[in-house]
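Take a look at the structure below.
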Amino acid sequence: FDWLGRPYYLALQSAASSYGSNPQALQITQVMTNKPLRPIKVGRAQLRFFVKRGIERTPIRQPVGAVAPLCVSTPEATAYDLIRYATSIGGIERAAETIRPLLPLMHVRELKRVLDAENEAIVAQRLGFVIDALGAEQLAKTIRAWLPDELTPVMLSPSKGKRDDLPLVKRWEVFNSSRELKV
């Protein structure tokens, strides 16, 4: 990626895995970049690329003890991306399952930094709902304080159910389309 002059970072479940969150074995390495790329296979490794505008705003770090230079999204940015790209990685429940082990690694100040950098209220509403459902009260309070007072109601998972059939969680203004997540 340096040679191509393109920003990148290890993302989503691959990033979560680098922090010890491995709810399911990954067969594909997930990489975020700024322009579309076809999946590639290098030996036994398969890489799938996701596109993100404003990628340079995403907080990243280099893992301690990495054998080669590698950029990985921070735990807070990883959680945010997991919610944003939930429909591409197996759904909101899969995203929540991957976020749960990241919660002890997440910090309020870094979460605020991610929210400010990304600046997407709808994703923040969903993330707040999920983090609240997972019991991380301080992180959930941080997200709610960041959000505007007046929220537009959103579906937790855009591809599931009709609004009329789902309960609305007022704190987040989220229609809960998950049978597994409850606030």
Side-chain angles (χ1 to χ4, degrees), residues 1-92 94-99 101-102 105-131 139 142-143 146-148 152 154-159:
F1 279 91
D2 284 342
W3 182 74
L4 291 172
R6 294 185 59 188
Y8 82 94
Y9 60 87
L10 192 65
L12 303 167
Q13 292 152 317
S14 296
S17 182
S18 77
Y19 294 114
S21 175
N22 309 7
Q24 297 181 13
L26 292 176
Q27 305 299 319
I28 296 172
T29 300
Q30 299 162 328
V31 178
M32 196 70 67
T33 189
N34 64 342
K35 294 180 184 170
L37 282 172
R38 292 182 184 175
I40 60 172
K41 190 172 184 177
V42 180
R44 286 188 277 157
Q46 295 181 45
L47 283 84
R48 180 172 175 207
F49 299 96
F50 293 80
V51 177
K52 184 177 190 180
R53 278 185 287 128
I55 188 172
E56 63 283 342
R57 294 188 309 256
T58 302
I60 57 172
R61 62 171 65 153
Q62 290 202 340
V64 177
V67 295
L70 179 67
C71 297
V72 180
S73 55
T74 63
E76 299 81 6
T78 299
Y80 186 92
D81 283 348
L82 285 163
I83 297 299
R84 187 174 193 218
Y85 294 89
T87 55
S88 299
I89 62 161
I92 200 75
R94 180 92 185 266
E97 172 186 57
T98 306
I99 290 169
L102 295 176
L105 304 174
M106 294 173 65
H107 302 286
V108 166
R109 196 167 104 212
E110 286 299 311
L111 181 58
K112 284 181 192 173
R113 188 173 134 199
V114 169
L115 294 170
D116 288 339
E118 299 292 348
N119 199 25
E120 293 181 56
I122 291 172
V123 177
Q125 283 173 253
R126 291 178 179 133
L127 177 61
F129 175 91
V130 168
I131 285 178
L139 295 171
T142 299
I143 296 169
W146 180 86
L147 287 166
T152 302
V154 298
M155 297 287 285
L156 178 59
S157 181
S159 60

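Along the sequence shown, the residues carry numbers beginning at 1. Fair warning: this is a prediction, and the values are worked out from it, not measured in the lab. Below, each value reflects all heavy atoms present in this structure, side chains not excepted, and no hydrogens, waters or symmetry copies.
- Using modelled atom types, one side-chain atom of Thr33 and one backbone atom of Pro7 make a donor-acceptor pair closer than 3.5 Å.
- With rounding to the nearest 0.5 Å, the separation of CG in Leu115 from CG in Leu147 is 7.5 Å.
- For the residue pair Ala124 and Tyr80, the shortest heavy atom distance occurs at N-CE1, 4.4 Å.
- The environment of Gln27 atom CD is sparse: at most 12 non-hydrogen atoms of other residues, nucleotides or ligands sit within 6.0 angstrom.
- Among residues at least two apart or in separate chains, salt bridge (Lys or Arg N to Asp or Glu O under 4.0 Å) pairs with a member in residues 68-86 are Lys52-Asp81, Arg84-Glu120.
- Taking the side chain as every heavy atom from C-beta outward, Leu156 and Val130 approach each other to under 4.5 Å.
- A donor-acceptor pair under 3.5 Å is formed between the side chain of Arg126 and the backbone N or O of Met155.
- The OG1 atom of Thr29 sits 9.5 Å away from the CZ atom of Phe49 when rounded to the nearest 0.5 Å.
- Looking only at side-chain heavy atoms (C-beta outward), Tyr19 and Val72 come within less than 4.5 Å of each other.
- Not a single donor-acceptor pair under 3.5 Å links the side chain of Ser21 to the backbone N or O of Ser17.
- Pairing each heavy atom of Gln62 with each of Leu70, the nearest pair is CG-O, 3.3 Å.
- Of all heavy-atom pairs spanning Arg57 and Arg53, the tightest one is NH2-O, 4.1 Å.
- The shortest side-chain heavy-atom distance between Leu127 and Ile99 falls under the 4.5 Å cut-off.
- In this structure Arg48 satisfies the side-chain hydrogen bond (donor to acceptor under 3.5 Å, both in side chains) test with no other residue, sequence neighbours excluded.
- If you run side chain to side chain contact (heavy atoms under 4.5 Å, CB included) between Phe50 and each of Val31, Leu12, Ile55, only Leu12 comes through.
- For Ala86, the side chain to side chain contact (heavy atoms under 4.5 Å, CB included) partners at least two apart in sequence or on another chain are Ile92, Ala95.
- Atom CD1 of Ile122 sits in a sparse spot, with 12 or fewer heavy atoms from other residues, nucleotides or ligands closer than 6.0 Å.
- No donor-acceptor pair closer than 3.5 Å links the side chain of Ser73 to the backbone N or O of Ala11.
- Of all the heavy atoms in Thr58 and Ala77, the pair that sits closest is CG2-CB, 3.8 Å.
- Contact of the Ile131 side chain with the Thr142 side chain is not registered, since no non-hydrogen atoms from C-beta on lie closer than 4.5 Å.
- The minimum heavy-atom distance linking Leu139 with His107 is given by the pair CD2-C, 4.2 Å.
- Atoms CD and OH, on Gln30 and Tyr85 in that order, are 11.5 Å from each other to the nearest 0.5 Å.
- Lys112 NZ to Ile143 CD1: the interatomic distance, rounded to the nearest 0.5 Å, is 11.5 Å.
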